[in-house]
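Remember, it's a predicted structure, so these values are computed and weren't measured experimentally.
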Amino acid sequence: MKFIDLLEEENILLNYHFISKKRLFEQVGQMLGHSRSQGLYIYHSLLDREKLGNTSLGTGVALPHGRCLETDEIRACLIKLSHPADYESVDNQMVQIVVGLVFPLKVKPEHRRFLKETAQLFRQHVLYEKLIHIDDKHTMIDTILEAFEQCNS
C-alpha cells in the first residue's frame with residue numbers, strides 16, 4: 001500500500017488558513033473521522049503524538065500522525081496551507097504542505113513501513129515546490145503519483 005492509494009479527493013483541502021497547530025489538528029480530525037466523536041479522538045491522538053516531538057519533515061512539509069483507529073486501516077489527508085506557517089519545524093522552515101495520517105491502535109510493521117515511505121516521498125523538495133503551486137485536487141493527486149513513481153523506478 002502507498003500513500004497515493006489512500007488519498008481521496010474529499011480528503012484534500014486547498015488553501016487552508018492556518019491559525020494554530022491545534023486548529024489544524026481539529027481539521028485533520030474532521031476530515032479523517034467518520035463521526036464527530038471519532039474526529040475528536042483523532043484530534044487528541046495527533047496532539048498526544050506532537051507532544052512526543054515535532055512532526056515536521058523539514059523542507060516545508062509536516063506529517064502529523066497518530067494511532068487511534070479500532071480497525072486495521074490507515075487514513076490519509078493532504079492540506080495545502082494558504083500561506084507558509086510557523087509549525088516549529090525541525091529545520092526552522094515555514095510549512096505549507098500538511099500530510100495527516102491516522103493508524104490503528106495496534107500498529108503493525110507494515111504501518112511503520114507506510115509511515116517511513118510516506119515521509120521519504122514528501123521529503124522531496126522538488127515535490128514540495130510543485131505542490132505549493134497547484135490549486136486543483138486532480139493535479140495534486142497526479143503530481144504525487146508521478147513523484148512516487150520516480151522514487152520507485
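- Rounding to the nearest 0.5 Å gives a distance of 10.0 Å between OG of Ser82 and CG of Leu13.
- Under the side chain to side chain donor-acceptor pair (under 3.5 Å) criterion, Asp136 pairs with Thr139, sequence neighbours left out.
- Considering CD1 of Ile79 and CG of Asn15, their distance stands at 12.0 Å, rounded to 0.5 Å.
- Cluster annotation: Leu6 and Leu32 are assigned to distinct hydrophobic clusters (Ile/Leu/Val/Met/Phe/Trp/Tyr, side-chain heavy-atom contacts under 4.5 Å, transitive).
- Looking at Ser56, its side chain does come within 3.5 Å of a backbone N or O of Val90 through a donor-acceptor pair.
- Between atom CZ of residue Phe148 and atom CG of residue Leu121 there is a gap of 7.5 Å, rounded to the nearest 0.5 Å.
- A pairwise comparison of heavy atoms in Ala85 and Phe18 identifies CB-CD2, 3.3 Å as the closest pair.
- Residues satisfying the side chain to side chain contact (heavy atoms under 4.5 Å, CB included) criterion with His83, sequence neighbours excluded, are absent altogether.
- Residues satisfying the side chain to side chain contact (heavy atoms under 4.5 Å, CB included) criterion with Ser37, sequence neighbours excluded, are Ser35.
- At least one donor-acceptor pair under 3.5 Å links the side chain of Asp91 to the backbone N or O of Thr59.
- Of the possible donor and acceptor atoms, one in the side chain of Asp5 sits under 3.5 Å from a partner among the backbone N and O of Lys2.
- In this structure, the salt bridge (Lys or Arg N to Asp or Glu O under 4.0 Å) partners of Arg75, at least two apart in sequence or on a different chain, are Glu73.
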Using distance only, find each side-chain donor-acceptor pair of residues 126-134 under 3.5 Å and give its atom names and separation, not counting sequence neighbours.
| residue | atom | partner | partner atom | Å |
| --- | --- | --- | --- | --- |
| Glu129 | OE2 | His125 | NE2 | 3.1 |
| Lys130 | NZ | Glu146 | OE2 | 3.4 |

Mind listing the side-chain donor-acceptor pairs of residues 108-118 below 3.5 Å, one per line with the distance, residues two or more places apart or on another chain?
| residue | atom | partner | partner atom | Å |
| --- | --- | --- | --- | --- |
| Lys108 | NZ | Asp72 | OD2 | 3.3 |
| His111 | ND1 | Lys108 | N | 2.9 |
| Thr118 | OG1 | Phe114 | O | 2.9 |

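- Hydrophobic clustering places Leu101 together with Met140 (ILVMFWY residues linked when any side-chain heavy atoms are closer than 4.5 Å, directly or through intermediates).
- A pairwise comparison of heavy atoms in Cys68 and Ile42 identifies SG-CG1, 3.6 Å as the closest pair.
- By the side chain to side chain contact (heavy atoms under 4.5 Å, CB included) test, Arg67 pairs with Phe103, Val107, sequence neighbours left out.
- Every residue meeting the side chain to side chain donor-acceptor pair (under 3.5 Å) condition with Lys80, not counting sequence neighbours, appears here in chain and number order: Asp135.
- In this structure, Tyr43 has no ring-ring contact (aromatic ring centres under 6.0 Å, His included) partners at least two apart in sequence or on a different chain.
- One finds the CD atom of Glu26 at 8.5 Å from the CG atom of Leu47 (value rounded to the nearest 0.5 Å).
- Linking ILVMFWY side-chain heavy atoms closer than 4.5 Å, directly or via other members, places Ile74 and Leu78 in a single hydrophobic cluster.
- With hydrogens and angles ignored, the 3.5 Å screen pairs a side-chain donor or acceptor of Lys137 with a backbone N or O of Ile12.
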Report the C-alpha separation of Ile144 and Phe3 in whole Å, then their side-chain angles, then the decisive distance to 0.1 Å, and conclude whether the side-chain contact (heavy atoms from CB on, under 4.5 Å) test is met.
-> CA-CA 9 Å; Ile144 294 167; Phe3 176 79; 4.2 Å; yes
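- Connection of Leu69 to Met31 is established within a shared hydrophobic cluster, with ILVMFWY side chains joined at heavy-atom distances below 4.5 Å, either directly or through further cluster members.
- When all heavy atoms of Pro64 and Leu46 are compared, the pair lying nearest together is C-CD2, 3.8 Å.
- By the side chain to side chain contact (heavy atoms under 4.5 Å, CB included) test, Glu50 is found to be paired with Lys21, Phe25, Asn54, Thr55, Tyr87, residues two or more places apart in sequence or in another chain being considered.
- In the hydrophobic clustering, Tyr41 connects to Leu105, either directly or through intervening members, whenever side-chain heavy atoms lie under 4.5 Å apart.
- Annotation for Arg23 and Tyr16: closest pair O-OH, 3.3 Å, computed over non-hydrogen atoms.
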Could you tabulate the donor-acceptor pairs under 3.5 Å formed by side-chain atoms of residues 92-100, not counting sequence neighbours?
| residue | atom | partner | partner atom | Å |
| --- | --- | --- | --- | --- |
| Gln96 | NE2 | Leu81 | O | 3.1 |

